[in-house]
Participant: 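Take this structure first; my questions come after.
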Amino acid sequence: MRHRIPFALCAALLPGTVLAANLNVSIEVPRIDVAEYHRPYVAVWLEREDKSVAANLSVWYQQKKAAPAATGGAPAAAPNPAGGVKWLPDLRQWWRRSGRELQLPVDGVSGATRAPGEHALSFNSDKGGALANLPAGQYKLVVESAREEGGRELIDIPFQWPVKQAQQLKAKGERELGAIVLDVKP
Amino acid sequence: MKIFLKTMVLAAICLPLTATAHKQWLAPSKTVLNVGQWVTFDAGVSTDPFVRDNNAARVENLVITAPDGSVVLPENSATGKLRATFDLQLQQAGTYKVAIVNSSVGASWDDNGQTKRWPARGTTFTAEGFAKEVPANAKDLKVTQSIGRIETFVTAGKPNTTALKPTGKGLELVQVTGFNDLYSGEPATFQFLLDGKPAADVEVEAIADGTRYRNAINEIELKTDKDGRFTINWSQPGLYYLSASVSDDKAEKPATQRRSSYTATFEVLSP
């Protein structure tokens, strides 16, 4: 209780600034035993109550590959000058809510696809970026996954911003996503 | 005999657009894409929408409007027995309108108990031909102007509305809910315009793809409100055939009545 008043004061005196807070997200890309496995495309974002996008946190898709240098030796992977942007609309919700309006790649958001396993993402409102100017409110962390020759899955975890107390929130996918863990810390 | 004649005349009136109960449709391979991607379209005429089992549609009057409003040409056009096809590369970001716009005039009259029609199938109306071939004092003369639009829409990246601007001629559909922003479980609202003005009390029919794999057509029947609007609930994802027509007397001479029809194909995604 001792802290409440200065908190409220700070917020009132400095509108637009929210106190430092951390969002640590762990996303499990499940190991799927199929003959032809391709790593999934995954998008991670914060959704407002009206389903609009408050912040894009991450999108993993196949990156551009340059043509191999003509030096002989082991054959390099096939060049892919456009990368996999062609398949980004398969992340249907993400594409609809923000992907289709972005100029890709987006610094700090775009990244390569990831192998099965747990992947940690960390966001801190002090360090600028997505959370720096996030107004107070009810949000959802949304994770969407789409896989070539596979399925699609979308999972969300609601949370309150700004963060009042440390909390661990969990959700679990059925097939295309494994455990999703959201650690919020004031 | 009188009833028979009336039926014949009625049939003749309907002939230019609905020679049979067949539906003309455009079927896009996808409607929500990224810039640079290719999309392909089939165009056919059949009893059930999107079932390629009757005839290719005529695509001579195909007009593709790009997101900047310019007209672009299809590629790899071909006409098969059961469907016509063409490709399009979405080089611009935004929404493309793909439309087949048909316009015709046809006359029918009673010539000593026989129903005569002009112009003959496969030939086109000309003012000279009309003056020469159609007796001005023919019995039960009906001259019908038909305006028909068969449309679909595809979007690369972020949708825009430049290509969707109505022409103000005949029956046209305007988006309230985005044409390429349709999801099952989310109601969508569109508006019909007739000559650019809201078309009230128009009966609208929508049919989901896949009639071949179910026992009932399950058509959705709706009516536009006083503002020409209607709201549709997509029960399932997939392609939908949407159609409406209006008859009135606002025909261009020498026609005395006019039939305006509109058909569109929409893709509904799962949310």
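Quantities reported herein were computed from a predicted structural model and do not represent experimental measurements. In what follows, every chain begins at residue 1, and chains take the letters A, B, ... in the order their sequences are listed.
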Participant: Between A:Glu47 and A:Arg97, is there a side-chain N and carboxylate O pair less than 4.0 Å apart?
Facilitator: no
Participant: Within a strict 4.5 Å, meaning less than it, do heavy atoms of the A:Val142 and A:Val44 side chains meet?
Facilitator: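 A side-chain contact is absent here, since even the closest heavy-atom pair is not under 4.5 Å.
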Participant: Heavy atoms only: give me the nearest B:Ile100-B:Ala43 pair and the separation to one decimal.
Facilitator: CD1-CB, 4.5 Å
Participant: Pair B:Ser270, A:Arg92 - check side chain to side chain donor-acceptor pair (under 3.5 Å), show working.
Facilitator: CA-CA 8 Å; B:Ser270 93; A:Arg92 286 197 294 270; 2.6 Å; yes
Participant: Quick check: under 4.5 Å, non-hydrogen atoms only, which of residues 65-84 of chain B neighbour chain A?
Facilitator: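 No residue falls under the 4.5 Å cut-off.
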Participant: Kindly determine whether A:Leu169 and A:Val181 satisfy side-chain contact (heavy atoms from CB on, under 4.5 Å), including the steps that lead there.
Facilitator: CA-CA 6 Å; A:Leu169 305 160; A:Val181 182; over 6 Å; no
Participant: Give the interface residues of residues 30-41 of chain B toward chain A, defined by a heavy-atom separation under 4.5 Å.
Facilitator: B:Lys30, B:Val32, B:Leu33, B:Asn34, B:Gln37
Participant: Quick one: are A:Ile32 and A:Glu176 in side-chain contact, heavy atoms under 4.5 Å?
Facilitator: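 Yes; the side chains approach each other to less than 4.5 Å.
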Participant: Side chain to side chain donor-acceptor pair (under 3.5 Å) for B:Trp25 and B:Ser243? Distances and angles first, verdict last.
Facilitator: CA-CA 10 Å; B:Trp25 42 263; B:Ser243 155; over 6 Å; no
Participant: Could you walk me through whether B:His22 and B:Gln24 pass side chain to side chain donor-acceptor pair (under 3.5 Å), step by step?
Facilitator: CA-CA 7 Å; B:His22 286 149; B:Gln24 193 170 347; over 6 Å; no
Participant: Which residues pass the ring pair (Phe, Tyr, Trp, His ring centres under 6.0 Å) test with B:Tyr262, sequence neighbours left out?
Facilitator: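 In terms of ring pair (Phe, Tyr, Trp, His ring centres under 6.0 Å), with neighbours along the sequence ignored, B:Tyr262 is linked to B:Phe192.
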Participant: Given side chains that start at C-beta, do those of A:Val53 and A:Leu46 come closer than 4.5 Å, heavy atoms only?
Facilitator: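 When only atoms from C-beta onward are counted, A:Leu46 and A:Val53 do not touch, as no gap falls below 4.5 Å.
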Participant: Could you tell me how the ring of B:Phe50 sits relative to the ring of B:Tyr241: parallel (under 30°), tilted (30 to 60°) or perpendicular (over 60°)?
Facilitator: perpendicular
Participant: With side chains defined as the heavy atoms from C-beta onward, is the minimum distance between A:Leu141 and A:Val25 less than 4.5 Å?
Facilitator: yes
Participant: Anything in residues 154-189 of chain B with a heavy-atom distance to chain A below 4.5 Å? Please list those residues in order.
Facilitator: B:Gly157, B:Lys158, B:Pro159, B:Asn180, B:Asp181, B:Tyr183, B:Glu186
Participant: Does the side chain of A:Gln160 come within less than 4.5 Å of A:Tyr139's, by heavy atoms?
Facilitator: no
